[in-house]
Protein chains: 2
Amino acid sequence: MNEVAGAIADPVRREILLLLRDGRLSAGSIAGRFAISRPAVSRHLRVLRTAGLVHSEVVGRQRLYELRTEPLGDLARWLRGFDRDSAWSARMAALDTEVRRARRDRQARRTEDTA
Amino acid sequence: MNEVAGAIADPVRREILLLLRDGRLSAGSIAGRFAISRPAVSRHLRVLRTAGLVHSEVVGRQRLYELRTEPLGDLARWLRGFDRDSAWSARMAALDTEVRRARRDRQARRTEDTA
DNA sequence: GGGAAGTGTAACTGGTGAGTTACGCGTTTG
DNA sequence: CAAACGCGTAACTCACCAGTTACACTTCCC
């Protein structure tokens, strides 16, 4: 959790994750998107690797990186512990209520039709 | 976003947030829960203040701290950008579909009744 | 009113992080 | 086969962070 939060606390690393969301990319391709030096990006990628947020694979002389979202899910779960009064939770509750009512309506209609 | 993620990247600060989830606490009360020095905790509280994750209010000689969850919500929202294939998003989509169907059914029934 | 309680900050210290240039290893290409 | 490509890491530098002790200010209580 420390490592994951720490990893995304840096804007470059967040941007890298967003880039990888659309599919795997080579280290060079990623580095090319930033104004900082290649080794600097390499260092960031290493942080992400260590945190389990990306997985890399050597393909010839290229190293391809792909996203791993599980650790982000863990962080999101932790954050949900603070959602007690949030609008999001309220929306979820409202949707649940509607679904339950719809099911009851549909059940009642089915009973009338068979009677 | 940097500040928030950076703030929760520390276990002490995460623990402080969890403590405050149950209600406001004085600085001293918070500090008493950790083995580190009082000024160290004070420093952590300052980071949380700066990140907008807590709000403090002087009451006499005490300083009471309370949780602010909005920034955590922002982070959670950002994390949701990585939820494309998750079971959670799929459940949300299913609920939305049901709600839309229920609304259509109800609309259709209302049209029959007035006709 | 004086001393205690409560708490933030300064100054210090040692460790960590993020940028850079230089280097080196493995793969690909002409 | 030699040169180019791709990329990780070492070494360096400077800035930042988190712990500590010391200090100082405000409020409370006897």
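Order of the sequence lines sets the chain letters (A, B, ...), proteins ahead of strands, with each chain counted from 1.
The separation between I36(B) atom CD1 and dT20(D) atom P is 6 Å, rounded to whole Å. Here dA15(D) presents its C1' atom at 14 Å from CG of D10(A), a figure rounded to the nearest Å. Atom C1' of nucleotide dG6(C) and atom CG of L25(B) are separated by 15 Å, given to the nearest angstrom. R46(A) has its CZ atom 15 Å from the P atom of dG19(C), to the nearest Å. Here dC17(D) presents its P atom at 16 Å from CG of N2(A), a figure rounded to the nearest Å. Following rounding to the nearest Å, R38(B) (CZ) and dT9(C) (C1') show an atom-to-atom distance of 11 Å. For the pair I16(B) CD1 and dA18(D) C1', the computed distance is 12 Å after rounding to whole Å. Computed from coordinates, the L64(A) CG to dG8(D) C1' distance equals 15 Å when rounded to whole Å.
Of all nucleotides listed (dT20(C), dC7(D), dG8(C)), dT20(C) comes nearest to the side chain of A40(A). The side chain of P39(B) sits closest to dA22(D) out of dG19(C), dA22(D), dC28(D). Here the side chain of H44(B) is nearest to one of dA18(D), dG8(C), dG8(D), namely dA18(D). Relative to the side chain of R61(A), the nucleotides dT29(C), dT9(C), dG19(D) differ in distance, and dT29(C) lies closest. Closest approach to the R43(B) side chain among dA18(C), dC7(D), dA11(C) is made by dA11(C) (side chain taken as heavy atoms from C-beta onward).
Annotation: side chain of L45(A) is not in contact with side chain of R63(A) (no heavy-atom distance under 4.5 Å). Taking the side chain as every heavy atom from C-beta outward, H44(B) and I36(B) approach each other to under 4.5 Å. Residues L53(B) and R68(B) fail the side-chain proximity criterion, which asks for heavy atoms closer than 4.5 Å. You'll find the side chain of V4(B) stays beyond 4.5 Å of the side chain of W78(B), heavy atoms only. Taking 4.5 Å as the limit, every side-chain heavy atom of L17(B) sits out of range of all side-chain heavy atoms of T69(B).
Nearest-nucleotide assignment on DNA chain C puts the 5′-proximal partner with G6(A), out of G6(A) and V59(A). In terms of position along DNA chain C, the nucleotide closest to R63(B) lies nearer the 5' end than the nucleotide closest to the other residue of the pair V41(A) and R63(B).
Taking side-chain N and O atoms only, Y65(A) has no distance below 4.0 Å to OP1 or OP2 of dG6(D). In terms of phosphate contacts, S37(B) brings no side-chain nitrogen or oxygen within less than 4.0 Å of OP1 or OP2 of dG19(D). Side-chain N/O atoms of R13(A) include one lying less than 4.0 angstrom from OP1 or OP2 on dA18(C). For the pair S42(A) and dG8(D), the criterion of a side-chain N or O lying under 4.0 Å from OP1 or OP2 is met.
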